[in-house]
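Chain identifiers are assigned alphabetically (A, B, ...) following the order of the sequence lines, protein sequences preceding nucleic acid strands; residue numbering begins at 1 within each chain.
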Amino acid sequence: MAAAISIQGLTKKYVDVWQKQEVIAVNNLNLEVQEGEIFGFLGRNGAGKTTTIKMLLGLVFPTAGDATLLGKAMGDNSVKSQLAYLPEETYFYDSMTGWDLLDYYGRLFRIPEPERSRRVQICLEKVRLQKDAWRRSIRGYSKGMRQRTGIAQALINDPKLLFLDEPTSGLDPIAHAELREIVASLKDEGKTVFLSSHQLADVEIICSRVAIIHRGKLLTTGTIKELTAGERTEIVVQGKAVTNGLLGKLQALVPDTERTGSDTLMLRTEDDDKISAIIDIVRGAEAHVLSIVPHRRALEDVFVETVRREEASA
Amino acid sequence: MVAIAIARQTVREALRRRVFWIFLIVAVFLIGLGPVLGFLTPKESQTIMRSLGLAVILLAGLFITIVTCIYLIPVEIERRTIYTVLSKPVQRFEFVLGKFLGGFAIVFLSIAAMGAVFLALVYFQGTTRGPDAGVLVWLTSGKFPKEMVLGVVLTFFQMMLLAALTIFFSTFATPVLNFFMSFGIFIVGNLSSVTESLTTSKNGLTSAIGKIIHYMLPNFGNFNVQNAIIHPTTEISNQGVFIRNNIIYALIYSAVLLILAVIIFDRREV
């Protein structure tokens, strides 16, 4: 499968003239996104996600590095006819109606009539914007309606590659679920989606691969399965003997062991082979195992661990 | 054409701004006051109406042009609507050109509206027959005020040049700074006789500064023909060449400013 996005050593530095400081927004980023995948681009606020997207779209210029989009150099105007972008906040011309806005963007893509009107209608229907709102001023739209319009404008040119920056943030649960479904359906149409989001549950559901970026630096990348691999088992132990050396014995075997009550301990291990040894120790100490619950690691756990580890090492 | 689509959108947004309509309505009202003021001073009625009309068109045109054009590009950046435009296959020169054409259209519409009212009043002031002679006779008994048309047309080209200057500044300056720079250069550019005299100063530094100001800044003063066309005693020699040269000057200077604007905007991060 060909790479829809290929980023080599992309770097963006800003110079604060007054404080004579250099701020590195994106630091030597290397990344490949394959065609047809929904790729999650994760990071805290200010991690460099939006700056990366803006560099790829030619809105800001990299200090160093290069990238190709659909095989063409970043910033090449000809490739933009196959791209789409939904910015983090949906900024539109408020006086326009949803229909007129999409018609305007269709003109910017040089889509002739009657094809343009057909596309406008298809896109507004696809994002399930209520029909009576099509000819109403965007000023009166709710956040959900604006976000739907934003996705509709991103689809007007039937793009191959979409950059979606927080498409589901700040929405009510129903709108949230609907827009997530719409984004997920893009994969079935063979489109590549570069999704920047803080909604890790969404990312886990719809993305095939993710990258985690922190302070401009790529920390990790991989499939959801790879990153969340390593099922963790939580074991709760109860017994009067927990204080009599049991805690120390168990900690020697499972470092992630903590006291959760006066006579209870909680152990967390990713190594299932240790479970029988734990049981033997517990029995020997005249305590007993209350529960053994296997837990799959969520993407959120991976994200938090990865970022915290990086912050601690910094 | 993409630039036309951007221009259309620009006009649409500009027409929504109340300040545009306030300037235009007040200007039309003041032009309409001309015949009333003329009626109070019958001997000077023609001169008063013509002077007032041309002055109002110039001043209202000046404010409409600056107030409209200083916001055209900054507001797109500030509201971030520019993200969804420049991420599409839109070249930056098309964006700047579209913004200029939109501003140009607003200038044209406002000068045309004020000019139409003004020329109609001047025409009817010059009718030799009254409505009692029959509507058609009355309507056709006036003399088409060609020299006033010249005044309006040159004001339009003067404003076109100012629009290009303002758009140029808007690619790197804030609206407030742009307002003062554009307005200041318009004032200095209207004092071309003063700046020309500086070029011949005996003081070397004054002469050098005078030359820079006189030859580099747009010569807005060349478009001011009010005195010549209002007072019958003065006339513009070689009028055809004068008009042609001024229009060519405005077109070339505007084109140069737009090219510079594109060069700057092409390097600007949004």
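Around CZ of R128(A), the count of heavy atoms belonging to other residues, nucleotides or ligands within 6.0 Å exceeds 12. Within a 6.0 Å radius of CZ in R17(B), more than 12 heavy atoms belonging to other residues, nucleotides or ligands are found.
When heavy atoms are compared at a cutoff of 4.5 Å, R267(B) approaches chain A solely by way of its backbone atoms N, CA, C and O. Interface remark: Q91(B) contributes backbone and side-chain atoms alike to the contact with chain A (heavy atom separation under 4.5 Å). With a threshold of 4.5 angstrom between heavy atoms, D76(A) does not approach chain B through any atom at all. With a 4.5 Å cut-off on non-hydrogen atoms, R107(A) touches chain B through its backbone and its side chain both. For I4(B), no part lies under 4.5 angstrom from a heavy atom of chain A. Contacts between R79(B) and chain A at a heavy-atom distance below 4.5 Å involve the backbone alone (N, CA, C, O).
A donor atom on one side chain and an acceptor atom on the other are found under 3.5 Å apart for E76(B) and T81(B). Side-chain contact annotation: T50(A) with D165(A), donor-acceptor N/O pair under 3.5 Å present.
Using a 4.0 Å cut-off between charged side-chain N and carboxylate O, K160(A) and E35(A) make no salt bridge.
With sequence neighbours excluded, the residues satisfying ring pair (Phe, Tyr, Trp, His ring centres under 6.0 Å) with F156(B) are F104(B), F108(B).
At a threshold of 4.5 Å between non-hydrogen side-chain atoms, the residues Y93(A) and R12(B) do not count as touching.
Looking only at heavy-atom pairs under 4.5 Å with chain B, the residue among L59(A), V60(A), L57(A) that has the most is L59(A). Comparing Q9(B), R268(B), R16(B), E94(B) by how many heavy-atom pairs each has under 4.5 Å with chain A, the most go to Q9(B). Comparing F163(A), Y85(A), F61(A) by heavy-atom pairs within less than 4.5 Å of chain B, the highest count is held by F61(A).
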